[in-house]
Amino acid sequence: MTTMESLIGLVNRIQRACTVLGDYGGGDNTFSSLWEALPSVAVVGGQSSGKSSVLESIVGRDFLPRGSGIVTRRPLVLQLHKTDDESQEYAEFLHMPKRRFTDFGAVRHEIQEETDRVTGRTKQISPVPIHLSIYSPNVVNLTLIDLPGLTKVAVEGQPETIAQDIETMVRSYVEKPNSIILAISPANQDIATSDAIKLAREVDPSGDRTFGVLTKLDLMDKGTNALDVLEGRSYRLQHPWVGIVNRSQADINKNVDMIVARRKEREYFATSPDYSHLASKMGSEYLAKLLSQHLETVIRARIPSITSLINKSIDELESEMDHLGRPIALDAGAQLYTVLEVCRAFERIFKEHLDGGRAGGDRIYGVFDNQLPAALRKLPFDRHLSLQNVKRVVSEADGYQPHLIAPEQGYRRLIEGALNYFRGPAEASVDAVHFVLKELVRKSIAETQELKRFPTLQADIAAACNEALERFRDEGKKTVVRLVDMESSYLTVEFFRKLPQEVDKVGNPGGNPGGNPQATAAVDRYGEGHFRRIGSNVSSYIGMVSDTLKNTIPKAVVYCQVREAKQSLLSRFYTQLGKKEAKQLSQMLDEDPALMERRQQCAKRLELYKAARDEIDSVSWTR
Ligand SMILES: Nc1nc2c(ncn2[C@@H]2O[C@H](COP(=O)(O)OP(=O)(O)OP(=O)(O)O)[C@@H](O)[C@H]2O)c(=O)[nH]1
C-alpha cells in the first residue's frame, strides 16, 4: 500500500541524490533535470513577511538563522520526516551525513556556516541548496524549500543587483510547472502590494499551484480583519487561503516554546470573533497537513511522467556513454589489449585509403602517371646533348689522341652524364609518395573514432608512423638511386650493336659526289654531322633508359614504401609496446580530461536515474 511517507520519502531521496550531482533548481546544467520534474513546495515572501516563522512553526522548532538584512542567502531544502511518538527529534545535513544534530541551536549555526562556505561572508546569494532533514514526531511528512526573501533595496556590503538577483533565483524555482508556491504575505499590509502574490500571479496566473498564507493576523489594526483575503474575495486562488499567527518578536525574545506557540495559535483562532468559523482551516499545523496531502496528491499524479522522463534520460545517457566509449581498464593486460584494438582500427582505415574504399590511394598513382613522366620530360638533355657540349665532352674524353673510329670514351661520358640527371626525378617520386602516405596517416588518425578519446596515443601512433615512413623513404631512395646507378654500370650492348656503322654511313654522305672518299670520311669524322649523330645516338639511348625507369621507379617505390606501409607501418611500435610497463600504457591511454569528466558525469547521472527508477519501482502504487 502506498502511504504518504513512501511517496514523499521517495521524492526526498531522489531530490537528495539530485543535489549531490548538482541537479537543483536554478542550477546550470547540461543534462535534463530530474529535480525539475519532482514536485516541491517553494516558500516565497517579502522580507519580514514571516517566512521563517511559518517554517519554524510547521517544524515546531526554533532552528532558522535570524538577523537583519538578508538572512536566507541559499535555498534551504527542508525535508520533514514524521517519526514514532517516543523517538527523539534530530536533524541531519546532506553535507554532513555522519552527524546527528539534537541541539537545534547548533542547526541554526550550521545553516549560517554552510551559507557562508559557499557565498563567503559578503552577503552574496547562491542557488546551491542546503539540504536539511528533520526527523520528529511533531512534523508531517513534507518537503519545503525556503528561498531568500524578496527585497527592494540592497544594504551595505551587498551588490546593487541583489534585489534582482534574488528575484531571478526565486523565479527560477517557482516558474517550474512542478513547483507548488507557498506565497507568504503579512496581514498588516495591503495584499495588492504583496511581493509573494505579485510573483505568484506572474508565474501561476490561474492560481493552480499557489497556496496563499496570511501571517500577522494578530497585528492588524483594531476593528479590521482579513476575511476578504482569507475567504478568497480579495485575491482568488484555487486553494483556500490559510491564516497564521506566529510568535511575535516579543515572544521570540522571551524564548516562547514553539509547541506552546502552536497551542496559542489554535486558541487564537478558536476564540477569535472574526475567524472562529474558519478555525479548523487556519493555523500552521493545518497548513502543514494541507501541504503534505497536496504534495502527496501531486507526486502521485506526476509519477508516470517522472518515470517516462527517467526512462528517456536513461536511453539518452546510455547512447552517449556508448559514443564516449567504455572506461579504461586498470590492469596492464587489458590496457595493452585496448591499445592494440585501437591500433588495428587505425590500420584498417589506413589500408582502406591505399586499397580503395576511401580516397587518397589514387594520388600515389598520380605520382607515377603524371609527376614522374613530366619530370623525366623536363630533364635538360637538349642542353647536355647540344652540339657544343657533345664536341667538348668527346674531345675531353679523347685527350691528345682523337678517336679513330667511334668515340667510345666520349659516348660513355655523355651517357653517364645524362644518366645522372635521372636521380632527381627518381628521388622526387619517392618524396612525393612519402608525402601522400604521411597525409594518409594523418587522415586515418583523424578518421579513427576509437582514437578520439586518446590524444596521447594519437600522438604516439603518429610519431611511430612517421618514423616508419621515414625509414621506408630512405630505403626507397636507396633503391631508386640504385636503379639509376645500375643503368650507368652496364650499358645495353644490343642498342649499340644495332646502330648503323658510322663508316658506312659517312662513306658517302651524299654531299660530295666525285670527291676523294677517304678525304671526305676523314674530314667528316671531326665535322658537325659526326657529333650531331653522336648526340642523337646518345639521346636515343637515354630515351630508352627513360622509358625503362618510368616503369621501374614505380615498382621500386611501391615495393619499398607502399607495400611496407601496408604490411609493417606499426611493426616496430608493436615490438616496443610489448616492453612497456603498466604505467606507460596507462599514460598512452590518457584520455582527454574533458571527455573523462563528461563520461564520469554521465555515469553518475545514469546511476542516479537507475536508482530513481528502482526507487519508484519498489513502491507499490495504489492508484
Ligand atoms: N505578532 C506577530 N509577529 C510575527 C508574525 N509573523 C512574524 N512575526 C514577526 O515578524 C518578524 C519577521 O518574521 P520572520 O519570520 O523573521 O520573517 P521572514 O520573512 O523570515 O524575514 P526575513 O528572513 O528577514 O526575510 C519577526 O519579528 C517575527 O516575530 C505573526 O504572525 N504575528
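Note that this is a predicted model, so its numbers are computed, not measured. Every number for a ligand or one of its atoms is a count from 1 in the order of the listing.
- At a threshold of 4.0 Å, the pair E320-R599 does not count as salt-bridged, since none of the basic side-chain nitrogens sits closer than that to a carboxylate oxygen.
- Closest heavy-atom approach to atom 8 (N) of ligand 1 within the set E56, R66, R247: this belongs to R247.
- Assignment of G45 to the shell around ligand 1 is not supported, since no heavy atom sits closer than 4.0 Å.
- Of the residues I181, L290, V43, the one that meets the side-chain contact (heavy atoms from CB on, under 4.5 Å) test with F211 is L290.
- The residue T72 has no part lying near ligand 1, judged by heavy-atom distances below 4.0 Å.
- For ligand 1, the atoms sitting less than 4.0 Å from at least one non-hydrogen atom of D218 are 1 (N), 2 (C), 30 (C), 31 (O), 32 (N), numbered in the order shown with element in parentheses.
- The ligand atoms of ligand 1 that sit less than 4.0 angstrom from a heavy atom of L219 are 1 (N), 2 (C), 3 (N).
- Within ligand 1, counting atoms from 1 as listed, the ones closer than 4.0 Å to a heavy atom of G50 are 7 (C), 13 (O), 14 (P), 15 (O), 17 (O), 18 (P), 19 (O).
- Less than 4.0 angstrom separates some heavy atom of V245 from each of these atoms of ligand 1: 31 (O).
- Between E316 and K312, at least one side-chain nitrogen of the basic residue sits less than 4.0 Å from a carboxylate oxygen of the acidic one, meeting the salt-bridge criterion.
- Taking every non-hydrogen atom of Q249 and a distance limit under 4.0 Å, the qualifying atoms of ligand 1 come out as 26 (C), 27 (O), 29 (O).
- Between E92 and R99 there is no salt bridge, since none of the side-chain N atoms of the basic residue sits less than 4.0 Å from a carboxylate O of the acidic one.
- Using a cutoff of 4.0 Å between basic side-chain nitrogens and carboxylate oxygens, R117 and E114 are scored as salt-bridged.
- Interface atoms of ligand 1 facing S48, defined by a heavy-atom separation under 4.0 Å, are 12 (C), 17 (O), 18 (P), 19 (O), 21 (O), 22 (P), 24 (O), 25 (O).
- Atoms of ligand 1 lying under 4.0 Å from at least one heavy atom of G46, given by number and element, are 19 (O).
- Salt-bridge annotation for E231 and R233: present, with a side-chain N of the basic residue lying under 4.0 Å from a carboxylate O of the acidic one.
- Proximity to K51 (heavy-atom distance under 4.0 Å) selects the following atoms of ligand 1: 15 (O), 17 (O), 18 (P), 19 (O), 20 (O).
- Considering both main-chain and side-chain atoms, N246 comes within under 3.5 Å of ligand 1 through a nitrogen or oxygen pair.
- Between E56 and R262 there is no salt bridge, since no side-chain nitrogen of the basic residue lies less than 4.0 Å from a carboxylate oxygen of the acidic one.
- For the pair E267 and R263, the salt-bridge criterion is met [side-chain N within less than 4.0 Å of a carboxylate O].
- Classification of R247 and E265 as a salt-bridged pair fails, no side-chain N sitting under 4.0 Å from a carboxylate O.
- Residue-to-ligand polar distances place S52 within reach of ligand 1: an N/O pair is separated by less than 3.5 Å.
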